[in-house]
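Structure first, commentary second.
Below, read A as the first sequence line, B as the second, and so on, with proteins coming before strands; counting in each chain starts at 1. Since the structure is predicted, the reported quantities are computational estimates derived from the model, not experimental observations.
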Protein chains: 2
Amino acid sequence: MSSQKYYVDAPKNYVAVDCVIFGYEDYELKLLLHPRPVEPEKGKWALMGGFCGVDESLEQAAERVLEINTGLADIFLDQVHAFSLPQRDSGGRVISMVFYALIPLFQQDVERVNAKGAKWFPISNFPSLVFDHSQMVENALKKLQMRASYHLVGRELLPDQFTLMQLRRLYEAIFQQELDPGNFRKKVLSLKVLERLNKKNTTESKKGAYLYKFIPKAAAGTERILNMGITI
Amino acid sequence: MSSQKYYVDAPKNYVAVDCVIFGYEDYELKLLLHPRPVEPEKGKWALMGGFCGVDESLEQAAERVLEINTGLADIFLDQVHAFSLPQRDSGGRVISMVFYALIPLFQQDVERVNAKGAKWFPISNFPSLVFDHSQMVENALKKLQMRASYHLVGRELLPDQFTLMQLRRLYEAIFQQELDPGNFRKKVLSLKVLERLNKKNTTESKKGAYLYKFIPKAAAGTERILNMGITI
DNA sequence: ACAAAAGTGTTCAACCTACACCCATGG
DNA sequence: CCATGGGTGTAGGTTGAACACTTTTGT
C-alpha cells in the first residue's frame with residue numbers, strides 16, 4: 001500500500017523531535033541538557049533531539065533519542081507542542097515536535113550521559129539554549145504541572161518505594177512552592193493509589209517513615225483530581 | 001541563513017494539518033466534514049486538511065485550510081496532537097498535526113462551505129471517517145472540554161451578544177450533560193468576564209433575558225477555573 | 001391560567017487551609 | 001532535652017449540588 005505514490009507533488013519537510021528530559025534529585029527538579037553536537041550553533045547548550053525517520057513515529061523517534069542519550073528504555077513520554085515557525089532553526093526549515101520525558105534519575109546510565117558532556121541542571125537555573133529551546137522547556141514544565149495536578153507523577157520519577165515526604169518534596173519541586181505536610185498526606189492517601197508497606201525509612205528522619213509504593217495501574221481505582229491550583 | 005545547507009542528509013517527511021472544525025447551532029455542537037477530495041479513499045468523509053508548505057508554520061497551514069474551506073480568517077485554533085504512525089495514511093507516510101477550530105457558525109460563508117459537499121454533523125452522530133480521523137475528533141473534543149473547563153469558550157462560538165441560557169446550552173452541548181441553570185449563572189457571573197447590557201432578548205423566553213457580552217480580553221480580570229468535573 | 005424561562009435564595013455536604021498537637025528518636 | 005520529621009485531628013471558610021421560590025409574559 002505504501003508503495004503507491006499518491007502524494008508525489010506534495011512538499012516535504014524536515015521533522016525533528018526535541019526532548020525535555022526531567023529528573024528529580026536533591027529535592028530539585030532537573031533538566032538534562034547537552035552541548036549541541038552539530039552545526040549550526042554547535043557546542044551551545046540544547047535539548048536532546050533528532051530527526052524523525054520515514055519509518056518511525058514521532059514517539060519512536062523520541063524513544064530512540066532517549067535511549068541513545070540516557071540508555072533508558074520504557075520511559076514516560078508525552079507530546080507537548082509542535083514548533084514550526086519557518087525561521088526557528090537557522091540551519092534549515094525544521095518542524096520540531098517537543099516531548100517531555102520523566103526519568104528515574106537513580107537508574108540512569110551515568111557514563112553514557114556524561115560521554116558527550118550532557119549535564120543535569122536545576123529547572124530554576126539552567127543556561128540559555130539554542131533556537132526556541134528555552135520556550136520548549138517552559139511549555140514542557142507547564143504541561144508537566146498540568147499532568148501532576150491530575151495524576152500522581154511519582155511513579156515515573158521516584159524509586160519503587162518512597163516516603164510521603166519524598167513525594168511531597170517532588171511536588172514542591174514541580175510546582176515551585178511549599179505544600180502543607182499534613183494536608184498533602186491526607187489528599188494523596190485519599191486517592192487510594194498508594195499501598196503502605198511494612199517497612200520504614202529511617203535515613204531521612206529520626207522517627208522513621210513508612211514506605212509506600214504505587215498500586216499497579218491495572219489494579220488502581222479511578223484516580224481523582226489533585227487540586228494544585230494551577231490556572232493557565 | 002536558510003540558504004545554508006546543514007541538514008542535507010536528514011530524512012524528510014510529508015507533513016499535514018487536519019482540522020477538527022467545531023460550530024454550535026440548534027443547541028448542538030457540530031463538526032464540519034467534507035468528502036475527501038483526493039485519492040486514496042477519495043469521496044469518503046474526512047476532516048479538512050492539507051500539506052504544510054516549506055515556508056509556512058503549521059498554524060499558518062491550518063489557517064489556510066480553514067480560509068479555503070469556510071472563507072473565515074482569524075479563527076481560534078489550537079494544537080491537539082500529532083499523529084505519526086508510519087502506516088496511518090494508506091497513501092504514504094504523512095505526519096499529521098491535528099488542530100481544532102472554533103467557528104461562529106452564523107457568519108460562515110455558506111456557499112463556499114457547500115461548494116465541495118461539506119456538511120455539518122452533530123458531534124453525537126457523525127459518519128465514520130477515513131484513516132485515524134475519528135480518533136482525531138475524539139482527542140479534539142477532549143481538548144475542547146479541557147479548555148472549556150478553564151476558559152469560557154463562548155467568545156469563539158456565540159454571537160457578540162448572548163443570553164446566559166444560550167451560553168449554558170453551549171456548555172451542555174460541549175460536555176454532553178445538563179447543567180443546573182441557577183448554579184451555572186452564579187458560577188459564570190462570578191468569573192467577572194461578562195458585561196451585562198441594557199438589552200433583553202425576548203425571542204427565547206416570555207420574560208426576556210438580559211444580553212451579555214465578553215469583556216475585551218485586555219480589560220478582563222484573571223479568569224478562574226470553571227470546574228466542570230472533567231477527569232482525564 | 002398556565003407553562004416556561006429568568007433570576008435569587010437556601011441548605012447541606014464536601015473540601016481546602018491553616019494550624020495545633022502528640023509521637024519517636026538521633027544527636 | 002530538643003530539634004526534626006511523622007502522623008492525626010480540628011475549626012473555619014469556601015465551594016458545589018440540589019432544589020425551592022418568586023417574577024414575568026406569551027399563548
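Nucleotide C:dA5 holds its C1' atom 13 Å from the CD atom of B:E172, rounded to whole Å. The distance from atom NZ of A:K200 to atom P of D:dG5 is 16 Å, rounded to the nearest whole Å. Remark: C1' of C:dA14 and CG of A:N183 are 15 Å apart, rounded to the nearest angstrom. For the pair B:E204 CD and D:dT25 C1', the interatomic distance rounds to 16 Å; values are reported in whole Å. As rounded to whole Å, 16 Å separates atom P of D:dG5 from atom CZ of A:F184. Rounding to whole angstrom units, CZ of residue B:F175 and P of D:dG16 are separated by 14 Å. If you take CG of A:L189 and P of D:dG9, they are 13 Å apart, rounded to a whole angstrom. Protein atom OH of B:Y171 is 17 Å distant from nucleotide atom C1' of D:dG16, rounded to whole Å.
Distances from the side chain of B:K186 to the nucleotides C:dT10, C:dG7, D:dG9 place C:dT10 closest. Checking D:dA18, D:dG7, C:dG7 against every side-chain atom of B:D180, the shortest atom distance belongs to D:dA18. Comparing atom distances between the A:Y210 side chain and each of C:dG7, D:dA18, D:dG7 picks out D:dG7 as nearest.
Judged by atom type and distance alone, B:K207 does not reach the base of D:dT25 through any side-chain donor-acceptor pair under 3.5 Å.
At distances below 3.5 Å, at least one donor-acceptor pair connects side-chain atoms of B:K143 with backbone N or O atoms of B:Q79. Listed for the B:Q166 side chain is a donor-acceptor partner under 3.5 Å among the backbone atoms of B:T163. For the pair A:T70 (side chain) and A:E67 (backbone), a donor-acceptor distance under 3.5 Å is absent.
In this structure, A:K206 does not reach the C:dG27 phosphate: none of its side-chain N or O atoms is under 4.0 Å from OP1 or OP2. Side-chain N/O atoms of A:R185 include one lying less than 4.0 angstrom from OP1 or OP2 on D:dT8.
Taking the six-membered ring for Trp and the full ring otherwise, B:F126 and B:W45 have centroids separated by 6.0 Å or more. Checked against the 6.0 Å centroid threshold, A:F162 and A:F214 count as a close aromatic pair.
Closest-nucleotide positions on DNA chain D for B:G208 and A:Y212 were compared, and the one nearer the 5' end corresponds to A:Y212. Of the two residues near DNA chain D, B:G182 and B:S205, the one whose nearest nucleotide lies more 5' is B:G182.
Annotation: cation-pi pair B:R168/B:F184 absent, no NZ/CZ under 6.0 Å from the ring centroid and within 45° of its normal.
Under a 4.0 Å N-O distance rule, the pair B:R88/B:D132 qualifies as a salt bridge.
Shown for residues 157-170 of chain A: residues whose heavy atoms fall under 4.0 angstrom of DNA chain D, namely A:M165.
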